[in-house]
There are 2 protein chains.
Amino acid sequence: MKLTSKGRYAVMALVDLARFNNINPVSLRDISLRQGISLDYLEQIFSKLRKKEIVQSVRGTQGGYVLNKKAKEIKLTNIFDAVDEKVKTVQCKKDSKKGCNGKATKCLTHNLWDELENHINNFFDEKSLEDLVKDNFERRV
Amino acid sequence: MKLTSKGRYAVMALVDLARFNNINPVSLRDISLRQGISLDYLEQIFSKLRKKEIVQSVRGTQGGYVLNKKAKEIKLTNIFDAVDEKVKTVQCKKDSKKGCNGKATKCLTHNLWDELENHINNFFDEKSLEDLVKDNFERRV
DNA sequence: AGATACTTGACTATTTTAGTCAGGTTTATA
DNA sequence: TATAAACCTGACTAAAATAGTCAAGTATCT
Ligand code: FES
Ligand code: FES
């Protein structure tokens, strides 16, 4: 049970971006250098973030990316959703009536994993980008 | 972020086992048939559970496995620990002072992942095998 | 003796992850 | 208007992790 680096990087890059709070576009090159993430990989990630309207791109010289919403309104859930980082605890298809073992009923542990999934998602629903930026600011002070 | 089938099967098998509540040893063959898990794979899993003293083995004809503690005392944490299903959200080494990017300080998201890890582990610490058995019994009534 | 069931360790196909690479297009600005 | 900075896209791949299988035992009850 572990987090992929795609999800990790997405959040890391957005926290970096959010600190500039829409004053100027931030280039991926800068993020790449500051956070130590491969530029090519960042491009993949930001392409997805843009499609889900979490960031906006500004082309040309001095271009880069800007948040498309207020940091307070961007929840971890939104970010993870954008980069396809999903929490998957059950094995079966959720909407199907069949269990993970191919049997007609759900397995002995289905409810448990479902509860776990909710538990984790609650955490993601509550945390916003703003929280993360604040948390980091306070740490430095 | 997903659960491995090793962890999933371990819990599933133990719930199956716990329902017999130490009356008779339960053979892996039976669990295999009832739960649709490969026998060879179950053997790997139970070997680990035995080493961590979660189950006891009974050899010979009519042998099998029995819980080594009360179902109430076996938490999900113990089970996951036994089969090496660990929650890993941070990238860096926890005890090191270095960050995941190789820099001298922890990255912008380190605290967040650490919180997440605690959040998930709390869930595992609270749930016992007894809870799971009860939950399943109630569902059937 | 024979059957049942545990025990161990090595091996492997498949899948997922974490990127890289190549070849674009767009646009600010000098 | 030339140029360079920066975005954009899709295909490709090495490495790691996962989810098992397979083979060859050993112990113990009846
Ligand atoms: S996880 Fe849904 S039926 Fe087993
Ligand atoms: S996760 Fe610990 S420093 Fe990045």
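Throughout, a chain's letter reflects where its sequence line sits, starting with A, and its residues are numbered from 1.
The number of heavy-atom neighbours closer than 6.0 Å to NZ of B:K70, taken from other residues, nucleotides and ligands shown, is 12 or below. Within a 6.0 Å radius of CD in A:E53, other residues, nucleotides and ligands contribute 12 heavy atoms or fewer. Within 6.0 Å of NZ on A:K86 lie no more than 12 heavy atoms contributed by other residues, nucleotides or ligands. The environment of NZ in B:K103 is crowded: more than 12 heavy-atom neighbours from other residues, nucleotides or ligands sit within 6.0 Å.
A donor and an acceptor atom never sit less than 3.5 Å apart when one is taken from the side chain of A:Q62 and the other from the base of C:dT27. In the interface, the side chain of B:E43 is not paired with the base of D:dT21 through any donor and acceptor atom under 3.5 Å apart. Checked by distance alone, A:R59 brings a side-chain donor or acceptor within 3.5 Å of a matching partner on the base of C:dT25.
Note on B:K48: nothing from the nucleic acid sits closer than 4.0 angstrom, heavy atoms only. Using a 4.0 Å heavy-atom cutoff across all strands shown, A:Y65 reaches sugar-phosphate atoms only and no base atom.
Between B:F46 and B:Y65, the two ring planes are tilted [angle within 30° to 60°]. The aromatic rings of B:H119 and A:H119 sit parallel, their planes meeting at an angle under 30°, below the 60° perpendicular limit.
As a whole-Å value, the separation of A:K2 NZ from C:dT17 P is 9 Å. In this entry the distance linking CD of A:Q91 with P of D:dA19 reads 8 Å, nearest Å. In this structure, B:F46 places its CZ atom 12 Å from C1' of C:dC6, rounding to the nearest Å. Distance B:Q44 CD to D:dA17 P: 17 Å, rounded to the nearest Å. For the pair A:D40 CG and C:dA22 P, the computed distance is 10 Å after rounding to whole Å. To the nearest angstrom, C1' of D:dT18 lies 14 Å from NZ of B:K86. For the pair A:Y41 OH and C:dA18 C1', the computed distance is 4 Å after rounding to whole Å. Between the NZ atom of B:K51 and the C1' atom of C:dT7 there is a distance of 9 Å, given to the nearest Å.
Candidate nucleotides C:dT20, D:dG20, C:dT8 were compared by shortest atom distance to the side chain of B:R50, and C:dT8 ranks first. Closest approach to the B:R29 side chain among D:dT21, C:dA5, D:dA19 is made by C:dA5 (side chain taken as heavy atoms from C-beta onward). In this structure, of D:dC29, C:dT8, D:dT9, it is D:dT9 that holds the atom nearest to the side chain of A:S47.
Contact annotation: B:S5 side-chain N/O to D:dA19 OP1/OP2 distance is under 4.0 Å. Side-chain N/O atoms of A:S38 include none lying less than 4.0 angstrom from OP1 or OP2 on C:dA18. Proximity of A:S27 to the phosphate of D:dA5: no side-chain N or O atom is located under 4.0 Å from OP1 or OP2. Under 4.0 angstrom from either OP1 or OP2 of D:dA17 there lies no side-chain N or O belonging to B:T4.
Residue B:L28 is the one, among A:L39 and B:L28, whose nearest nucleotide of DNA chain C lies closer to the 5' end (criterion: closest heavy atom). A residue-by-residue look at A:Y9 and B:V58 shows that B:V58 has its nearest nucleotide of DNA chain C further toward the 5' end. Nearest-nucleotide mapping onto DNA chain D: of A:G60 and B:L3, the residue sitting toward the 5' end is A:G60.
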